[in-house]
Amino acid sequence: MKTLETYRRTGRPVEPESEFIIKIHDINDNEPMFTKDVYNASVPEMSDVGTFVVQVTATDADDPTYGNSAKVVYSILQGQPYFSVESESGIIKTALLNMDRENREQYQVVIQAKDMGGQMGGLSGTTTVNITLTDVNDNPPRFPQSTYQFKTPESAPPESPIGRIKANDADVGENAEIEYSITEGDASDMFGVITDKDTQEGIITVKKALDFEKKKLYTLKVEATNTHVDPRFLYLGPFKDSTTVRILVEDVDEPPVFSRPAYILEVKEDVPTNSIIGTVTAQDPDVAKYPVKYSVDRHTDMDRVFNINSGNGSIFTSKPLDRETSLWHNITVIAAEINNPKQSSRVPVFIKVLDVNDNAPEFAIFYETFVCENAKAEQLIQTLSAVDKDDSFSGHQFSFSLAPEATSGSNFTIQDNRDNTAGIFTRKNRYNRHEMSTYLLPVVISDSDYPIQSSTETVTIRVCACDHRGKMQSCNAEALIHPTGLSTGALIAILLCIIILLVTVMLFAALKRQRKKEPLIISKEDIRDNIVSYNDEGGGEEDTQAFDIGTLRNPEAIEDNKLRRDIVPEALFMPRRTPGVQDNTDVRDFINQRLKENDTDPTTPPYDSLATYAYEGNGSVAESLSSLESVTTDGDQDYDYLSDWGPRFKKLADMYGSVDSDKDS
């Protein structure tokens, strides 16, 4: 600290500048403060004395270099005799042996920190430490009961649960996990036990089908064992326990049981109808032993080839059998209790049809061969082979020969090759197709099984012209030359003809649609009376929307579907003479008058319609130009004035001028 004194007037220092040093001595005015208000810690149960739990720390704001104001000492105010604290370091340790979590899990310890080295007059602060004992596996599982008893019906399916058992374990978490097993019992293979991981229960289940009639009571010994054992606590005893489980099997009404899961029967195909081929057996497994009725499931025997005796289960044929048609017949037999038909069971029956030699051998294919006209004697022209639908265990052996009726006088011979084939040979030199074009050669084929079966097959031999190498050139039957039908070129030619014909028809139809009728009047100056057709019934005088009256006054406003003026009409009618119409005639009166005329006119069509009209209305300078009106006047009119109206009325003047000339003549 520096000071300076000066004169007031001059400002000069009275004396030289002085420096003072002031030293402040600390006093104990701050209490120790813990870094946390509350500490949380844990320690395993059953820990040894002196096991570290947690360390607490307190600080003092006083000067640690001056006296003992900042020297902190720790002590325990609450938590003895379970825990202790080191006075200088603040480390909390266990102070009691074998603390058991199952007895007490939570502890609250209060620690004091005091300055001045813990002497009298020192300031202090406190903190709370919450200590939890964590679990160790120091408790074995224990069953609350020495014996359990359950009931289950004999119809219980495999893997179905019967009941639950549970061994209690005071530990928690993985230390309480238990594994159940069957250690002893008279039917450990009939039942099983599984562990429910969520509830730590043992579930007793069925492993095999039960039978009340065979055994009604089972006794098992079930053991519960901890899966996580701590070797430090093995001295507390074995960490497992066992109990006895008794299972009572209850009787239920069961369906009949067949003596076999499936039956295989064999029968020869030539067995007579109604012959017994085998028997199935089923009986009621219940104590009552109700009688059983047998039947065949017709969904498996739609043709009703087999039947069964409902009383004794013997299966017999109801139709002839044929191995070549069906080798196996798979049917299902139903056995049901007579007193309770709903109790039924099924069994498959596989019936194999055994072969007997009932089919004669026959040609493998249809033989149609040829012989050349210039053939030599003893020349091979065809090799034959045969097949047999029957089955032969030792292999088929066929023999070939000519039919007795063809033996003498035949032009061909048969040579058996002894390997199920035979050859057809010529017997003479040269053949003439003009004398005989086709030969039918009957061949007898026989087998060697018992009874011997034989058949007569026919070979068709055609006589054909051949070249010097024996290649066929022509025969009487074109089918032999072209056995597959028309050639490719012929088919293409036919197809082209069909396409050309279709195109011609399409062009003709298109031209016909485009053809137009010859117009009667080419000139645009056509003044032919317009024919307006309509078939719309109006709504009376008040209806102004039903029909446009302008159509009556303006013949050019006709619709497209009206008759046209530029083509020849389908039919021409002679004009009718109608009485004249006054200029002031009302439209309604005009139409009614025309309707009345058409109703009485025998030349009109046989239906109601307004056939023809032409009305210009009042005020026309040229008055009415209608031919209908002009022809109805009593006197003759002079139409010469039409020639003065110009070229537009030239056609009309020519028409009516010619009419006048006709009248004059």
Side-chain angles (χ1 to χ4, degrees), residues 324 357 359-390 392 395-449 452-501:
E324 289 72 32
N357 192 27
N359 289 279
E362 57 188 12
F363 281 148
I365 59 174
F366 174 74
Y367 290 103
E368 184 178 17
T369 185
F370 70 94
V371 61
C372 294
E373 288 184 308
N374 56 356
K376 304 293 184 179
E378 302 299 326
Q379 181 179 336
L380 176 65
I381 63 172
Q382 182 67 51
T383 300
L384 307 176
S385 63
V387 294
D388 195 332
K389 295 180 180 178
D390 294 322
S392 178
H396 291 291
Q397 186 63 43
F398 303 127
S399 60
F400 300 84
S401 62
L402 283 177
E405 63 273 13
T407 303
S408 60
S410 176
N411 294 301
F412 303 92
T413 59
I414 296 292
Q415 180 178 328
D416 195 340
N417 299 326
R418 305 299 181 184
D419 60 353
N420 293 336
T421 64
I424 301 178
F425 292 85
T426 58
R427 177 175 283 183
K428 66 177 183 176
N429 293 325
R430 302 191 63 83
Y431 293 83
N432 191 339
R433 57 175 171 164
H434 300 289
E435 295 178 358
M436 179 67 71
S437 61
T438 303
Y439 293 92
L440 300 178
L441 186 66
V443 179
V444 178
I445 312 172
S446 303
D447 57 22
S448 58
D449 294 331
I452 296 176
Q453 300 287 342
S454 63
S455 65
T456 301
E457 301 288 331
T458 301
V459 179
T460 302
I461 304 174
R462 299 182 182 277
V463 181
C464 301
C466 304
D467 57 14
H468 64 281
R469 289 175 294 183
K471 185 176 181 180
M472 179 181 59
Q473 291 182 336
S474 64
C475 295
N476 291 337
E478 294 298 330
L480 187 61
I481 300 176
H482 302 289
T484 57
L486 296 175
S487 63
T488 304
L491 291 176
I492 294 175
I494 294 175
L495 183 60
L496 289 176
C497 292
I498 294 175
I499 294 175
I500 293 173
L501 180 61

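Using a 4.5 Å cut-off on side-chain heavy atoms (C-beta onward), N357 and D388 make contact. The shortest distance between side-chain heavy atoms of N420 and Q397 falls below 4.5 Å. The side-chain heavy atoms of I492 and L496, taken from C-beta on, include a pair separated by under 4.5 Å. Using a 4.5 Å heavy-atom cutoff, the side chains of N359 and Q453 are not in contact. Here the side chains of T460 and T438 are in contact, with some heavy-atom distance below 4.5 Å. Contact check for H396 versus P361: no side-chain heavy atoms found under the 4.5 Å cut-off. Residues I452 and D447 meet the side-chain proximity criterion, which asks for heavy atoms closer than 4.5 Å. For the pair V463/E373, a side-chain contact is recorded, criterion being any heavy-atom separation below 4.5 Å from C-beta on.
The two residues P442 and T456 come nearest to each other via the heavy atoms CB-CG2, 4.0 Å. Between N417 and G423, the closest heavy-atom pair is ND2-N, 4.0 Å. Nearest approach of S385 to T421, heavy atoms of both residues: CB-CG2, 4.3 Å. Between A403 and V444, the closest heavy-atom pair is CA-CG2, 3.6 Å. V387 and F398 get closest at one heavy-atom pair: C-CZ, 4.0 Å. What you find for F370 and I381 is that their closest heavy atoms are O-CB, 4.1 Å.
Between the side chain of S446 and the main chain of S454, no donor-acceptor pair closer than 3.5 Å is present. In this structure, D416 contributes its side chain and A422 its backbone to no donor-acceptor pair below 3.5 Å. The backbone N or O of S455 sits nowhere less than 3.5 Å from a side-chain atom of E362 that would complete a donor-acceptor pair.
In this structure, CG on L384 lies 9.0 Å from CD1 on I365, to the nearest 0.5 angstrom. With values rounded to the nearest 0.5 angstrom, R462 atom CZ is found 9.0 Å from L440 atom CG. K471 NZ to C466 SG: the interatomic distance, rounded to the nearest 0.5 Å, is 11.0 Å. Between M436 atom CE and I461 atom CD1 the span is 11.5 Å, to the nearest 0.5 Å. Taking CG of L441 as the start and OH of Y367 as the end, the distance is 13.0 Å to the nearest 0.5 Å. Here the straight-line distance linking atom CG of N432 with atom CG of N374 works out to 12.0 Å at 0.5 Å rounding.
Checked by atom type, the side-chain pair Q382/T369 shows a donor-acceptor distance below 3.5 Å.
Atom NZ of K428 has more than 12 heavy atoms from other residues, nucleotides or ligands within 6.0 Å. Atom CZ of R427 has more than 12 heavy atoms from other residues, nucleotides or ligands within 6.0 Å.
Checking C464, S474, C372 one by one against R433, the side chain to side chain contact (heavy atoms under 4.5 Å, CB included) holds for a single residue, S474.
A ring-centre distance under 6.0 Å is found for Y431 and F412.
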